[in-house]
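The block underneath contains the structure these notes are about, expressed in structure tokens.
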Amino acid sequence: MLTLEWESEGLQTVGIVVIIFASLKLLHLLGLIDFSEDTVEDEMEMATVRHRPEALELLEAQSKFTKKELQILYRGFKNECPSGVVNEETFKEIYSQFFPQGDSTTYAHFLFNAFDTDHNGSVSFEDFVMGLSILLRGTVQEKLNWAFNLYDINKDGYITKEEMLDIMKAIYDMMGKCTYPVLKEDAPRQHVETFFQKMDKNKDGVVTIDEFIDSCQK
């Protein structure tokens with residue numbers, strides 16, 4: 001698990017923890033993680049997804065979910081998102097419920113962009129499954145690649161101090177006043193400086209994917 005050893009007690013690894021925890025909450029709110037024993041009604045509902053057997057078989061091969069899990073996920077996804085996609089506003093609404101004490105708008109925007117891998121303004125079932133597959137069951141390398149993509153806001157292959165500061169501010173805005181001890185206003189910038197001291201090995205002002213993964217693995 002990624003650990004950045006930040007100075008403020010209680011906020012270590014908050015970025016990755018929030019990603020995974022919020023993703024689980026997102027699944028719960030969308031009704032996608034009910035893996036109880038199937039009733040007759042469940043079996044009938046699961047039959048409605050069999051019009052896409054090739055797609056499910058492909059996702060089973062590409063992801064770390066079983067076919068049964070994918071059927072249940074797809075059933076819930078279609079029940080909650082009849083259009084077959086989740087837009088950014090849906091993400092923001094869900095996260096506003098999850099973090100009522102703060103403003104999760106900006107963080108939800110960044111997280112949505114990380115799931116929207118083809119950058120078409122919506123997250124399909126396939127996008128969602130592949131992202132969750134990495135977050136919940138991926139290797140350390142896969143999770144770090146995903147985290148780097150989240151922090152690399154403009155997707156140019158580098159994390160700048162400005163990008164990392166935007167992410168840190170978004171996390172603190174989302175957490176609101178529930179942190180302990182209470183954070184100082186300059187805490188996000190201090191954490192960014194600490195981050196770059198640890199990861200920017202050649203001191204060129206940006207962090208590459210190799211620097212990011214190498215530092216995190218150590």
Side-chain angles (χ1 to χ4, degrees), residues 1-4 6 8 11-30 81 85-124 126-136 138 142-176 178-179 183 185 187-196 199-200 205-209 211-213 215-216:
M1 191 172 196
L2 175 59
T3 303
L4 297 181
W6 289 343
S8 294
L11 282 179
Q12 294 180 353
T13 72
V14 67
I16 300 303
V17 170
V18 167
I19 291 170
I20 297 175
F21 189 38
S23 297
L24 288 171
K25 181 65 174 181
L26 183 61
L27 280 173
H28 173 70
L29 290 175
L30 288 177
C81 308
V85 297
V86 177
N87 60 32
E88 187 170 336
E89 289 307 310
T90 301
F91 258 67
K92 290 179 179 178
E93 290 173 7
I94 289 174
Y95 276 78
S96 67
Q97 297 175 43
F98 189 30
F99 296 98
Q101 74 284 351
D103 181 0
S104 62
T105 302
T106 303
Y107 185 82
H109 168 72
F110 292 142
L111 186 58
F112 178 84
N113 285 341
F115 274 101
D116 181 17
T117 55
D118 53 6
H119 310 298
N120 65 354
S122 62
V123 173
S124 67
E126 291 80 2
D127 294 332
F128 200 62
V129 163
M130 295 309 298
L132 288 175
S133 177
I134 293 172
L135 285 173
L136 302 179
E142 289 171 335
K143 291 178 180 178
L144 291 177
N145 278 318
W146 200 94
F148 182 88
N149 179 62
L150 173 68
Y151 298 143
D152 179 17
I153 296 174
N154 66 0
K155 313 306 177 190
D156 66 351
Y158 302 94
I159 300 176
T160 65
K161 287 187 177 182
E162 290 75 16
E163 288 174 320
M164 181 55 64
L165 183 59
D166 286 342
I167 294 288
M168 291 299 101
K169 287 181 177 178
I171 291 174
Y172 294 140
D173 288 344
M174 180 172 60
M175 299 298 289
C178 70
T179 58
L183 295 170
E185 288 187 8
R189 189 172 297 279
Q190 290 178 354
H191 289 158
V192 170
E193 291 299 328
T194 301
F195 175 93
F196 269 79
M199 296 200 173
D200 184 12
V206 296
V207 173
T208 65
I209 182 67
E211 289 175 323
F212 183 81
I213 291 177
S215 296
C216 291

If the condition is side-chain hydrogen bond (donor to acceptor under 3.5 Å, both in side chains), which residues does [X] pass it with, not counting sequence neighbours?
X: Asp173; result: none
X: Ser122; result: Asn120
X: Asn87; result: Thr90

Verdict with supporting geometry, Ile159 and Val206, side chain to side chain contact (heavy atoms under 4.5 Å, CB included): CA-CA 6 Å; Ile159 300 176; Val206 296; over 6 Å; no
For Tyr172 and His191, take the angle between the two ring planes, folded into 0 to 90°, and tell me which bin it lands in: parallel under 30, tilted 30 to 60, perpendicular over 60. tilted
Plane angle bin for Phe212 and Phe195 - parallel if under 30°, tilted between 30 and 60°, otherwise perpendicular: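 Plane angle between 30° and 60°, so tilted.
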Any side-chain heavy atom of [X] within less than 4.5 Å of one from [Y]?
X: Asn154; Y: Asp152; result: yes
X: Val85; Y: Val123; result: no
X: Met174; Y: Asp103; result: no

Suppose we screen for side chain to side chain contact (heavy atoms under 4.5 Å, CB included). Which residues come up paired with Ser96, at least two apart in sequence or across chains?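 Ser96 satisfies side chain to side chain contact (heavy atoms under 4.5 Å, CB included) with Ser104 only.
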Listed partners of Asn113 passing side chain to side chain contact (heavy atoms under 4.5 Å, CB included), at least two apart: His109
Closest contact, heavy atoms only, [X] versus [Y]:
X: Thr106; Y: Ala170; value: CG2-CB, 3.8 Å
X: Met199; Y: Ser215; value: CA-OG, 3.5 Å
X: Asp116; Y: Gly121; value: OD2-N, 2.9 Å

Would you sort out whether Phe196 and Val192 count as a side chain to side chain contact (heavy atoms under 4.5 Å, CB included), showing the intermediate values? CA-CA 6 Å; Phe196 269 79; Val192 170; 3.9 Å; yes
I'd like to check the ring pair (Phe, Tyr, Trp, His ring centres under 6.0 Å) partners of Tyr158; sequence neighbours left out, ordered by chain and number.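 Ring pair (Phe, Tyr, Trp, His ring centres under 6.0 Å) check on Tyr158 returns nothing, list empty.
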List in chain and number order the residues that pass ring pair (Phe, Tyr, Trp, His ring centres under 6.0 Å) with Phe110, two or more places apart in sequence or in another chain; answer none if no residue qualifies.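 Counting only residues at least two positions away or on another chain, Phe110 forms no ring pair (Phe, Tyr, Trp, His ring centres under 6.0 Å).
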For a side chain to side chain contact (heavy atoms under 4.5 Å, CB included) check, start with the C-alpha distance between Lys143 and Leu135, then their side-chain angles and the critical distance, and finish with the verdict. CA-CA 6 Å; Lys143 291 178 180 178; Leu135 285 173; 5.7 Å; no
Applied to residues 158-170, the salt bridge (Lys or Arg N to Asp or Glu O under 4.0 Å) test, sequence neighbours excluded, yields Lys161-Glu193
Report yes or no: does Asp127 contribute a side-chain atom to a donor-acceptor pair with the main-chain N or O of Ser124 at less than 3.5 Å? yes
Say whether, by atom type as modelled, one donor and one acceptor occur between the side chain of Ser133 and the main chain of Val129 under 3.5 angstrom. no
Can you list everything that forms a salt bridge (Lys or Arg N to Asp or Glu O under 4.0 Å) with Glu88? Sequence neighbours excluded, please. Lys92
Distance in Å, [X] [atom1] paired with [Y] [atom2], rounded so as to fall on 0.5 Å steps:
X: Asp200; Y: Thr160; atom1: CG; atom2: OG1; result: 11.0 Å
X: Leu111; Y: Ile167; atom1: CG; atom2: CD1; result: 9.0 Å
X: Leu144; Y: Ile134; atom1: CG; atom2: CD1; result: 11.5 Å

Tell me if the aromatic rings of Phe115 and Trp146 count as close, with their centers under 6.0 Å from one another.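 Phe115 vs Trp146: aromatic centres under 6.0 Å.
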Test side chain to side chain contact (heavy atoms under 4.5 Å, CB included) on Lys155 and His119; report intermediate values, then the result. CA-CA 11 Å; Lys155 313 306 177 190; His119 310 298; 4.2 Å; yes
